There are 2 protein chains.
Amino acid sequence: MDADSSRLQTRSTRKRRKMQRVTMMDVAKLAQVSPSTVSLYLRKPAAVSPAAGQEIARAISALGYVPNLVAGGLAAASSKVVSIIVPSIRNAFFAETVSTLQSELAAEGLQVLLGHSEYGEDQEEALVRTALSWAPAAVVLTGLAHSAGTRKLLRASGVPVVEMWELGGTPIDMAVGFSHPQVGASAARHLLSKGRRALAFLGARMQEDHRAETRASGFAETARLGDGLSHEIINHPGAATVEAGALLLTRALERIPNLDGIACSNDLIALGALFECQRRGIAVPDAIAVVGFGDLDFSASCIPSLTTIRPSGDLIGREVARLILGSIQGDRPEGTSRIIDTGHVLIERRST
Amino acid sequence: MDADSSRLQTRSTRKRRKMQRVTMMDVAKLAQVSPSTVSLYLRKPAAVSPAAGQEIARAISALGYVPNLVAGGLAAASSKVVSIIVPSIRNAFFAETVSTLQSELAAEGLQVLLGHSEYGEDQEEALVRTALSWAPAAVVLTGLAHSAGTRKLLRASGVPVVEMWELGGTPIDMAVGFSHPQVGASAARHLLSKGRRALAFLGARMQEDHRAETRASGFAETARLGDGLSHEIINHPGAATVEAGALLLTRALERIPNLDGIACSNDLIALGALFECQRRGIAVPDAIAVVGFGDLDFSASCIPSLTTIRPSGDLIGREVARLILGSIQGDRPEGTSRIIDTGHVLIERRST
DNA sequence: TGAATGCATCATAGCGCTACGATGATCGGC
DNA sequence: GCCGATCATCGTAGCGCTATGATGCATTCA
């Protein structure tokens, strides 16, 4: 058997994988147009004649055709997927942003590929690597702190990148967020304006949650510049929970017996502190004023209602979506800013 | 110019899209093996000789090769993606499940494609349709109630499907969850056992949240069978929030003046009710006993700590992952159950 | 020693789609 | 009436990878 005949045999015996699902070709045949026209119709319906369009639409529904985005992604060298990496989806802040972002992107036919890094840079890098394997239309990261490898990967890929929930450094590409030190400063200023002088910042997991940590330093700095008699930053190594808030308040009272104002890195912690005050019979805000962060679900309704700083995860989600859609639509107008400050709002309620 | 020459011209003038990214071919060349071997190495490293494997690994890191999963997915007719559709990612229950699921799947090299249906069956169907465009390795849905179209699409696709967070009907393929009527019944039984006789179930968005609604009917049924003197189901049309809980308690007191026990479809609602009691000077549990659902973050730490029913979103996530990995590994052992009951636990605390 | 077996490696044909440029048909403008 | 422009449509070559079966070589068994 010579090479040629073996080739022939190869050709004939080769069994192709089945896959009898409906393809664009089937639609084209039924609609009596070429596959290109079907593809064109699917991507820009306006570009095909109404007659052909109708015929194609009919064929699609008759066959129950579902386009294969994997094939499309390969052919177009870019898939209709946006990869989002957050530290934790359990965190209400990020859940809110992801939720909004997902809705906005879905409206434009983009899917969301989700990953969570658990606040680890190495994990994040691994996630970015797999994310890039999907040739995503864009990548969304949380914060500005990333490993060198992550930056390199993303830069090399040429994919639009949006970093969210933090401002103040140099983004890889685009950024949407706000300044965390300023949040801390706002909280401190507010407490000082209420005549509080013995302050504490209660945070959790600040060794990993770099943004919470910068809120703390913003707070400390302003407390120092103002005439805060004393101020402390107290960290709980575990997650930011209500229970942690109670523990943190206890620790704060040990350190600053005459404590009269606290800022918390998260409303859950603030709620825990509120509960602990109630347990100890400490009047809020008379004895201790409490400022939170996040304006979570319960913050307006708890007792006393919680003064807090709202970062607006919703708005961040919406702006991220806008930037992404902008970059995908090709024209990245150099005029529009690639860094969007969504600011923060202090909402004064009964706890201060 | 005849057809043939034009064909030739076509061939020569055709400009191919650039894409100079590193491909498997580049790796193969550098490692002096064929692309097939590289592919094999990437999929089952044990199948290639150690020598070749090392050479390939070296080449991969030298070139910074990132596999293209889109191409892989197309060739293999199934991508390494699991599509998860939940009603809302803002809901702490689902956030927990998704988070766990994502971690478990990521450990096996699977990505998560996320969608949220906002409790709409039509929206869900649209999400399933796009999800299937990705030829996912599996699809995860929430609950057992889906449109006929959704079922048809999924059945036709042959993709493994897991429905989670609900049991009691016929799943499309596999299911992990628990019985919601039983949860309601447990709550009612608990209140009855505490001598409460004038009961109410407080729920939100029950016209859409079918599972909350079945918890309510389970509650009502048990309350009726027991010697509950009166029981009511009260619904808030908006989302399940702390504020809604306060409103609902107010409504319940109007309807049942001698109210002495409530079950809530969600711990956020329970917390709101707790706050409203505090505002009104109603002692909990002396005057009114409160049972929640969800065992959220704050439930153990609030005042009084909340008796609640834990559905274990974590466990659900883990079991879903197990089922998915099982189906992907090919052998669907008919022995193992395709329906897993994760049950629920009533955690008694100070509010009852 | 020759046939049978096992093992590592390879060549190649698609997977289903989109981008590119080509092809006719239609339409004004001079 | 001819030429270029415009428009809808088409043909086809990949996109980068994996599945399939073939190949060549070393090992084992009779």
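In this text, all values refer to a predicted model and were calculated from it rather than measured experimentally. Quick note on labels: first sequence line is chain A, next is B, and so on, each numbered from 1. For the numbers below, each heavy atom of this structure counts, side chains included, while hydrogens, waters and symmetry mates do not.
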So salt bridge (charged side-chain N to carboxylate O under 4.0 Å, His left out) across residues 38-55 of chain A, not counting sequence neighbours, yields A:E55-A:R58

Using a 4.0 Å heavy-atom cut-off across all strands, classify A:S36 as base, sugar-phosphate, or nothing.
-> base

From CG of B:L42 across to C1' of D:dA19 the rounded distance in Å is 15 Å

Quick note, A:S39 side chain, CB onward, closest among C:dT9, C:dT18, C:dC17 is C:dT18

From OH of A:Y41 across to P of D:dT9 the rounded distance in Å is 12 Å

Quick note, B:S34 side chain, CB onward, closest among D:dC17, C:dC10, C:dC17 is C:dC10

Exercise for review: Establish, from distance only, whether the side-chain atoms of B:T150 and B:S147 form a donor-acceptor pair under 3.5 Å.
Suggested key: yes

### Query
Is atom CD of A:E118 surrounded by more than 12 heavy atoms (other residues, nucleotides or ligands) closer than 6.0 Å?
yes

Regarding the side chain of B:V33, the nearest nucleotide among D:dG11, C:dC17, C:dC10 is C:dC10

### Query
So what does B:V70 touch, heavy atoms closer than 4.0 Å: a base, only the sugar-phosphate, or nothing?
nothing

Between B:Y65 and A:A47, the residue closer to the 5' end of DNA chain D by nearest nucleotide is A:A47

From NZ of B:K44 across to P of C:dC7 the rounded distance in Å is 14 Å

Next on the checklist: Evaluate A:R151 against A:D173 for salt bridge (charged side-chain N to carboxylate O under 4.0 Å, His left out), listing each step before the verdict.
Outcome noted: CA-CA 10 Å; A:R151 294 169 173 285; A:D173 184 6; over 6 Å; no

Between CD of A:Q54 and P of D:dA8 the distance, given in whole Å, is 16 Å

From CZ of A:R43 across to P of C:dC17 the rounded distance in Å is 12 Å

When rounded to the nearest 0.5 Å, the distance separating CZ of B:F94 from OG1 of B:T142 is 5.0 Å

Review point. Contact class for A:L40 (heavy atom, under 4.0 Å): base, sugar-phosphate, or nothing?
Key: base

Backbone N/O of B:H116 and side chain of A:Q102: donor-acceptor pair under 3.5 Å: yes

Whole-Å distance, A:M25 CE to D:dG11 C1', equals 11 Å

Here the distance between atom P of C:dC15 and atom CG of A:L74, to the nearest Å, is 13 Å

Ranking C:dC10, C:dC17, D:dC17 by distance to the side chain of B:A75, first place goes to D:dC17

Heavy-atom nearest nucleotide on DNA chain C taken for B:A71 and for B:T37; more 5' hit belongs to B:T37

Axis-to-axis angle across the helix from C:dT1-D:dA30 to C:dC30-D:dG1, five pairs each end, nearest 10 degrees, ~ 40°

Exactly one candidate in A:V86, A:L141, A:I340, A:L323 meets side chain to side chain contact (heavy atoms under 4.5 Å, CB included) with A:M164; the answer is A:V86

A:K80 atom NZ is separated from D:dC15 atom P, nearest whole Å, by 20 Å

